[in-house]
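Working notes, beginning with the structure itself.
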Amino acid sequence: MRIRDNPASVSNSDTMPRRPSLSTLYLRKPDAAETQRLQQLQALYDAAGQQAFLSDDETLHCLYLQPGVMQSAMLTTHPWYLVCAYARLMMSALVQQPEPASAWILGQGGGSLSRFLQHAVPACHTDAVEIDETVLWLYRQLPAAPDNHQVTLHHADATRWLPQQVAAGRRTDLLLIDVYDRNGLVPALNTPDFYASCASALGRSGMLVANVWGKPSQLSVMLADLRQQFASVQWARSPDSYNLLVFACQSPVSSETRQAHVASLEQRLPSLNVTDSLRRLRTLPLTSDKDADQQQLLEDLRSILVPDSAVPQNYPDWKKNVLQQADTLLSLPADKIPPYGEKA
C-alpha cells in the first residue's frame, strides 16, 4: 500500500468548471518542521542508495519508497492493526468472504494486509507477491513479519505471476491488489486481459479488492472495464486519503447473509470498523452500455475526488490522526465505535 504525505493529485484537465482541484493542494509550501522532516528522510534515502528504507517514529515503523512517499506503517504495540483507514476499507471484503481459505496479495510492501489476515483468519493461506526485492528485504526486517507455512512470499511480477496461477488451475477466495507507480495505475495491470485473469482467479464467491489512485478519467475506464468482467462492482474513496478502493465479485452474498457477516465481524474484529466502511460504498447499476457506464462513473468520481478537510495535509496531522483512530478502535467495544472522523 502507499500513503502520500501530500494528497494524490488530479490533473486540471479532469476538472469541470468551478470544480475544486486536488492538484491545488500541492501548491502549499511545507512549513519549517515538515521541511526538516523531509530533509531527514532524504538523508535516510541517500544512505540506502536511493532505495526503499525504514524509518522508526516512536510507536510507528514506517516503510518509505522515497522521501514523501510512505509505502506502509505499522503500530509497534499492535503489529496486526491496520493503521490506515483505506487498508481497513480494503479488508471490509471479509463481509463477502469472512473465512477465506486463501488470499493472494499483489503488492506485499510492508505486509500490513498479510499481518492482518494472519491475525483475523489464522487458517487462511496467503500468497504475497512483491516485485521490489529491496521492499521484500525490508519487510523481513520489520517486527512480527509472518514467517510460517501460512504465508508464502513471491519475488515476482504480478502481471506474470497471476496469469501463471490461473493457467495452473489455482483459485483464491480473496485477491488484493495494491500495485501502482508514481503515475497511478500501472498500465499492465489496467487492461481487459488482466481483469479477465482476475475474474478467472477467483472462486465463485471470491472477491477482488484494488487500491488505486489517479485521474477520474483514468479510474472511470478501469471501473467500466471491471464492470464488463464482474457481476458486481463497488467503490469508495478512503476517508483518510484520496485513494479509491474498488470491490468486484461475481456472486455477492444475499443481504441477509451480509448482515449476519457484518454482525459477526463487528464482534470478532471491532477494530476493522466494517459498518463505517460499508456505508461509503457506491454501486454501478447494471447496464449493457459501457460508454454510458463510463460517463456515469466519471461524474461520480469527480464528485468525490475533491479536496477534503478531513484528509490530513502533512505528516504530523496524519500521525496524530492515525494514533487517535488506533486508540479509539482498539479500545471501544463494537457497538460504540463511531464513524470515521467523529469523536467517541
Side-chain angles (χ1 to χ4, degrees), residues 1-3 8 10 14 82 84-97 100 103-107 109 112-113 158-159 162 172-181 183-202 205-253 258 274 276-287 290 293-305:
M1 65 186 65
R2 179 177 180 174
I3 311 153
V10 176
D14 265 337
L82 294 171
C84 299
Y86 80 83
R88 297 193 293 273
L89 182 53
M90 286 187 78
M91 291 313 306
S92 66
L94 292 178
V95 170
Q96 170 76 11
Q97 277 279 3
W104 296 352
I105 300 174
L106 308 186
S112 300
L113 298 176
T159 62
L162 181 67
T172 190
D173 297 320
L174 200 55
L175 177 57
L176 305 174
I177 302 179
D178 207 359
V179 182
Y180 44 93
D181 60 23
N183 298 314
L185 294 173
V186 175
L189 272 71
N190 187 29
T191 68
D193 286 345
F194 184 74
Y195 297 142
S197 292
C198 291
S200 298
L202 292 169
S205 60
M207 174 165 277
L208 160 71
V209 187
N211 169 33
V212 298
W213 67 273
K215 302 175 183 178
S217 57
Q218 187 182 28
L219 296 175
S220 63
V221 174
M222 173 197 179
L223 289 170
D225 283 340
L226 280 171
R227 193 66 185 83
Q228 299 298 305
Q229 297 288 346
F230 290 89
S232 172
V233 176
Q234 295 180 298
W235 66 96
R237 205 209 79 199
S238 171
D240 67 347
S241 69
Y242 296 104
N243 291 38
L244 196 76
L245 289 306
V246 182
F247 302 78
C249 64
Q250 298 291 16
S251 183
V253 295
R258 184 183 180 91
V274 67
D276 183 54
S277 292
L278 294 179
R279 71 182 180 84
R280 300 176 182 277
L281 291 178
R282 298 167 180 245
T283 303
L284 180 67
L286 177 62
T287 73
K290 181 179 176 180
D293 286 348
Q294 188 173 329
Q295 183 58 40
Q296 179 60 50
L297 286 164
L298 183 59
E299 294 174 4
D300 187 64
L301 290 169
R302 283 173 167 165
S303 73
I304 62 175
L305 293 176

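Model, not experiment: these values are computed from the prediction.
In this structure, Gln250 contributes its side chain and Gln229 its backbone to a donor-acceptor pair below 3.5 Å. Side-chain N or O atoms of Arg88 include none that pairs as donor or acceptor with a backbone N or O of Met91 at under 3.5 Å. Looking only at distances, a side-chain donor or acceptor of Gln96 sits under 3.5 Å from a matching main-chain atom of Ser251.
In this structure the side chain of Met90 never reaches within 4.5 angstrom of the side chain of Leu82, judged on heavy atoms. Counting only heavy atoms from C-beta outward, the side chains of Leu305 and Leu219 approach each other to under 4.5 Å. In this structure, Cys84 and Asp240 have side chains that are in contact, with non-hydrogen atoms separated by less than 4.5 Å. Between Val95 and Val274, some side-chain heavy-atom pair lies under the 4.5 Å cut-off. Contact of the Asp173 side chain with the Leu202 side chain is not registered, since no non-hydrogen atoms from C-beta on lie closer than 4.5 Å. Looking at heavy atoms from C-beta onward, Leu223 lies out of side-chain contact with Asp300 at the 4.5 angstrom threshold. You'll find the side chain of Ser92 reaches within 4.5 Å of the side chain of Phe247, heavy atoms only. Between Ile177 and Phe194 the shortest side-chain heavy-atom distance falls below 4.5 Å.
Pairing each heavy atom of Ala85 with each of Pro239, the nearest pair is CB-CG, 3.6 Å. Scanning both residues, Arg237 and Arg280, for their nearest heavy atoms gives O-CD, 4.4 Å. Residues Trp213 and Tyr242 share a closest heavy-atom pair of CB-O, 4.4 Å. A pairwise comparison of heavy atoms in Leu245 and Ser238 identifies CD2-CB, 3.9 Å as the closest pair. Across every non-hydrogen atom of Phe230 and Cys198, the tightest pair is CZ-C, 4.1 Å. Of all non-hydrogen atoms in Ser220 and Leu297, the two that sit nearest each other are O-CD1, 3.7 Å.
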Show your working on side chain to side chain donor-acceptor pair (under 3.5 Å) between Gln97 and Ser205 and close with a plain yes or no.
CA-CA 7 Å; Gln97 277 279 3; Ser205 60; 2.9 Å; yes

As a quick check of understanding, evaluate side chain to side chain contact (heavy atoms under 4.5 Å, CB included) for Leu175 and Leu106, giving each step before the final call.
CA-CA 8 Å; Leu175 177 57; Leu106 308 186; 4.1 Å; yes

Between Met222 and Leu226, is a side chain to side chain contact (heavy atoms under 4.5 Å, CB included) present by the stated rule, with each step listed?
CA-CA 6 Å; Met222 173 197 179; Leu226 280 171; 3.9 Å; yes

Given side chain to side chain contact (heavy atoms under 4.5 Å, CB included), test Asn190 with Tyr195 step by step and report yes or no.
CA-CA 7 Å; Asn190 187 29; Tyr195 297 142; 2.4 Å; yes

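Residue Leu244 holds its CG atom at 11.5 Å from CD of Gln218, rounded to the nearest 0.5 Å. Remark: Arg302 CZ to Ser217 OG distance equals 7.0 Å, nearest 0.5 Å. Note that CG of Leu298 and NZ of Lys215 are 12.5 Å apart. Values are rounded to the nearest 0.5 Å. The CE atom of Met207 lies 6.5 Å from the CD atom of Gln234; values are rounded to the nearest 0.5 Å.
Applying the ring-ring contact (aromatic ring centres under 6.0 Å, His included) criterion to Trp235, with sequence neighbours excluded, gives no partner residue. For Ala103, the side chain to side chain contact (heavy atoms under 4.5 Å, CB included) partners at least two apart in sequence or on another chain are Leu117, Cys124, Thr126, Leu174. For Ser200, the side chain to side chain contact (heavy atoms under 4.5 Å, CB included) partners two or more places apart in sequence, or in a different chain, are Val166.
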